[in-house]
Visitor: 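Pasting a structure here, questions to come.
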Amino acid sequence: MWKSVGGHRNMGSRVDNWEAILSRELEKKRTFVRGKSDCVYFALSVVKNITNIDLTKDGKKEYGEYKSKYGYKKLLMDHWLKYGESRMCEPSVYGAINYLCKKNGFLEIPKSLAQRGDLVMTVNHTNEEALGIKTNQGSCYLAFDGTYVNVPIERLNHAWAIR
């Protein structure tokens, strides 16, 4: 894990006022639009705001953009076929997020060690991987109707330390 040294921010550290920023982010009204404002972009925008590290931009550079459920699945499979394990451990949202996190110094951790502000993943009611943010009470995800869904910690599949 990287730490701040001599007042300079390095990979993996949060900004000084990250808790206030996180609270504001979790209160913002949002609209669900695949490839612009979905659960992945919600969670990655929170990470950007609490760390100043833009995984969304990295993701667009690495994988491209999508506009539909089919589009993101095709994009991940195409990338997997082209690069395989050098870029993703598997052709999935998990594989892509794990690669982007590792590349930026955010390591996957046991879900039981996830803390407020960490990146987390579960499988939603439509059997899709959903990316969210760990909160005090569980974890927060952007739903299809633009509301936030709180998922208990027991339902988490993966977590990354965003610190």
Side-chain angles (χ1 to χ4, degrees), residues 18-19 21-51 53-81 83 85 87-104 106-163:
W18 73 269
E19 289 203 51
I21 293 168
L22 178 61
S23 293
R24 283 193 304 272
E25 287 294 314
L26 298 178
E27 292 172 5
K28 278 185 185 175
K29 295 209 182 294
R30 300 179 195 266
T31 304
F32 186 96
V33 178
R34 278 211 197 264
K36 288 190 182 221
S37 178
D38 53 23
C39 67
V40 171
Y41 281 90
F42 153 68
L44 296 185
S45 77
V46 172
V47 169
K48 179 184 178 204
N49 288 320
I50 66 173
T51 66
I53 297 171
D54 193 352
L55 297 175
T56 305
K57 183 178 175 185
D58 285 354
K60 286 181 181 178
K61 274 195 270 184
E62 290 283 340
Y63 301 107
E65 297 184 41
Y66 59 92
K67 293 181 182 177
S68 67
K69 181 177 177 178
Y70 171 78
Y72 90 80
K73 287 185 176 185
K74 182 179 182 325
L75 183 139
L76 293 173
M77 186 52 73
D78 289 350
H79 202 79
W80 171 258
L81 293 172
Y83 297 107
E85 289 192 36
R87 296 277 171 88
M88 291 190 287
C89 54
E90 61 183 63
S92 63
V93 175
Y94 163 75
I97 296 302
N98 193 50
Y99 169 74
L100 292 172
C101 283
K102 256 193 224 176
K103 180 179 167 186
N104 285 279
F106 301 128
L107 301 180
E108 186 170 8
I109 57 173
K111 58 188 182 178
S112 61
L113 298 179
Q115 298 176 10
R116 181 173 159 80
D118 286 345
L119 201 56
V120 292
M121 183 174 278
T122 191
V123 174
N124 67 18
H125 67 283
T126 62
N127 208 33
E128 289 181 88
E129 294 169 305
L131 198 61
I133 297 294
K134 174 72 175 70
T135 62
N136 288 337
Q137 294 78 31
S139 54
C140 182
Y141 299 82
L142 183 64
F144 297 123
D145 63 2
T147 61
Y148 296 109
V149 175
N150 187 43
V151 174
I153 296 165
E154 301 79 43
R155 292 206 28 230
L156 298 181
N157 294 353
H158 302 281
W160 293 266
I162 306 299
R163 38 194 144 101

Visitor: Roughly how far, to the nearest 0.5 Å, is the OH atom of Tyr94 from the CE atom of Met121?
Guide: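 Nearest 0.5 Å value for the CE-OH distance: 8.5 Å.
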
Visitor: Give me each pair satisfying salt bridge (Lys or Arg N to Asp or Glu O under 4.0 Å) with a member in residues 115-126, each pair once, sequence neighbours excluded.
Guide: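 Passing the test, one end in residues 115-126: Arg14-Asp118, Glu19-Arg116, Asp118-Arg163.
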
Visitor: Looking only at non-hydrogen atoms, find the nearest pair between Val120 and Ala114 and report the distance.
Guide: CG1-CB, 4.2 Å

Visitor: Could you measure the distance from the CE atom of Met88 to the OH atom of Tyr99? Nearest 0.5 Å is fine.
Guide: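 One gets 10.0 Å once the value is rounded to the nearest 0.5 Å.
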
Visitor: Go through the structure and list residues passing salt bridge (Lys or Arg N to Asp or Glu O under 4.0 Å) with Lys28, not counting sequence neighbours.
Guide: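 So Lys28 forms a salt bridge (Lys or Arg N to Asp or Glu O under 4.0 Å) with Glu25.
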
Visitor: What pair of heavy atoms forms the shortest contact from Ile162 to Ile50, and how long is it?
Guide: CG2-CD1, 4.2 Å

Visitor: Find out whether Lys48 and Thr56 are in side-chain contact, i.e. whether some heavy atom of one side chain is under 4.5 Å from a heavy atom of the other.
Guide: no

Visitor: Specify the closest pair of heavy atoms between Leu119 and Ala43, including all atoms of both residues, with the distance to one decimal.
Guide: CD1-CB, 3.6 Å

Visitor: Taking the side chain as C-beta and beyond, is there a heavy-atom pair between Trp160 and Leu131 under 4.5 Å?
Guide: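 Yes, at least one pair of side-chain atoms sits under 4.5 Å.
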
Visitor: Indicate the atoms forming the closest heavy-atom contact of Cys39 with Phe32, along with that distance.
Guide: N-CE1, 3.8 Å

Visitor: Of the non-hydrogen atoms in Cys101 and Leu55, which two are nearest, and what is the gap between them?
Guide: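 That would be SG-CD1, 4.2 Å.
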
Visitor: Test of understanding: with salt bridge (Lys or Arg N to Asp or Glu O under 4.0 Å), list the residues that count as partners of Asp58, not counting sequence neighbours.
Guide: none

Visitor: Taking atom CG of Leu142 and atom OG1 of Thr31, what is their separation to the nearest 0.5 Å?
Guide: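 It is 8.5 Å, given to the nearest 0.5 Å.
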
Visitor: Between Val46 and Arg30, what is the shortest heavy-atom contact and its length?
Guide: CG2-NH2, 4.5 Å

Visitor: What residues, two or more places apart in sequence or in another chain, satisfy ring pair (Phe, Tyr, Trp, His ring centres under 6.0 Å) together with Tyr63?
Guide: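 Only His79 meet the ring pair (Phe, Tyr, Trp, His ring centres under 6.0 Å) criterion with Tyr63.
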
Visitor: So do the side chains of Glu65 and Leu75 get within less than 4.5 Å of each other, counting heavy atoms only?
Guide: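 In short, these two side chains do not touch, never coming nearer than 4.5 Å.
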
Visitor: Could you check whether any side-chain heavy atom of Thr122 comes within less than 4.5 Å of a side-chain heavy atom of Ser139, counting everything from C-beta outward?
Guide: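 SC-SC contact between Thr122 and Ser139 ruled out.
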
Visitor: Quick one: list whatever passes side-chain contact (heavy atoms from CB on, under 4.5 Å) with Lys102, sequence neighbours left out.
Guide: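 So Lys102 forms a side-chain contact (heavy atoms from CB on, under 4.5 Å) with Asn98.
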
Visitor: Under a 4.5 Å cut-off applied to non-hydrogen side-chain atoms, are Tyr72 and Val40 in contact?
Guide: no

Visitor: Quick check for you: to the nearest 0.5 Å, what is the distance between Lys57 atom NZ and Leu100 atom CG?
Guide: 13.5 Å

Visitor: Give me each pair satisfying side-chain hydrogen bond (donor to acceptor under 3.5 Å, both in side chains) with a member in residues 36-47, each pair once, sequence neighbours excluded.
Guide: Asp38-Tyr66

Visitor: Under the side-chain hydrogen bond (donor to acceptor under 3.5 Å, both in side chains) rule, collect the residues that match up with Asn136, sequence neighbours excluded.
Guide: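 Checked Asn136 against side-chain hydrogen bond (donor to acceptor under 3.5 Å, both in side chains); zero matches.
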
Visitor: Going by side-chain contact (heavy atoms from CB on, under 4.5 Å), name the residues that satisfy it together with Leu113, two or more places apart in sequence or in a different chain.
Guide: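 Result, side-chain contact (heavy atoms from CB on, under 4.5 Å) vs Leu113: Ile109, Pro110.
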
Visitor: Check whether any side-chain heavy atom of Val151 lies under 4.5 Å from a side-chain heavy atom of Tyr141, and answer yes or no.
Guide: yes

Visitor: Does any part of the side chain of Trp80, heavy atoms only, come nearer than 4.5 Å to the side chain of Leu76, both counted from C-beta?
Guide: no

Visitor: Could you pull out all residues at least two apart from Thr126 that satisfy side-chain contact (heavy atoms from CB on, under 4.5 Å)?
Guide: Asn124, Glu128, Phe144

Visitor: Applying salt bridge (Lys or Arg N to Asp or Glu O under 4.0 Å), can you list everything that pairs with Lys67, at least two apart in sequence or on another chain?
Guide: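 Partners of Lys67 under the salt bridge (Lys or Arg N to Asp or Glu O under 4.0 Å) test: none.
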
Visitor: Could I get the full list of side-chain contact (heavy atoms from CB on, under 4.5 Å) partners for Asn150, not counting sequence neighbours?
Guide: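 Result, side-chain contact (heavy atoms from CB on, under 4.5 Å) vs Asn150: Thr135, Gln137.
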
Visitor: Should Phe42 and Leu26 count as side-chain neighbours, where that means a heavy-atom distance under 4.5 Å?
Guide: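 Side-chain contact under 4.5 Å: yes.
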
Visitor: Quick one: list whatever passes salt bridge (Lys or Arg N to Asp or Glu O under 4.0 Å) with Glu129, sequence neighbours left out.
Guide: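 With sequence neighbours excluded, Glu129 shows a salt bridge (Lys or Arg N to Asp or Glu O under 4.0 Å) to no residue whatsoever.
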
Visitor: Would you compute the distance between atom CG of Asp78 and atom NZ of Lys73 and round it to the nearest 0.5 angstrom?
Guide: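 Answer for the CG-NZ pair, Asp78 versus Lys73, is 14.0 Å.
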
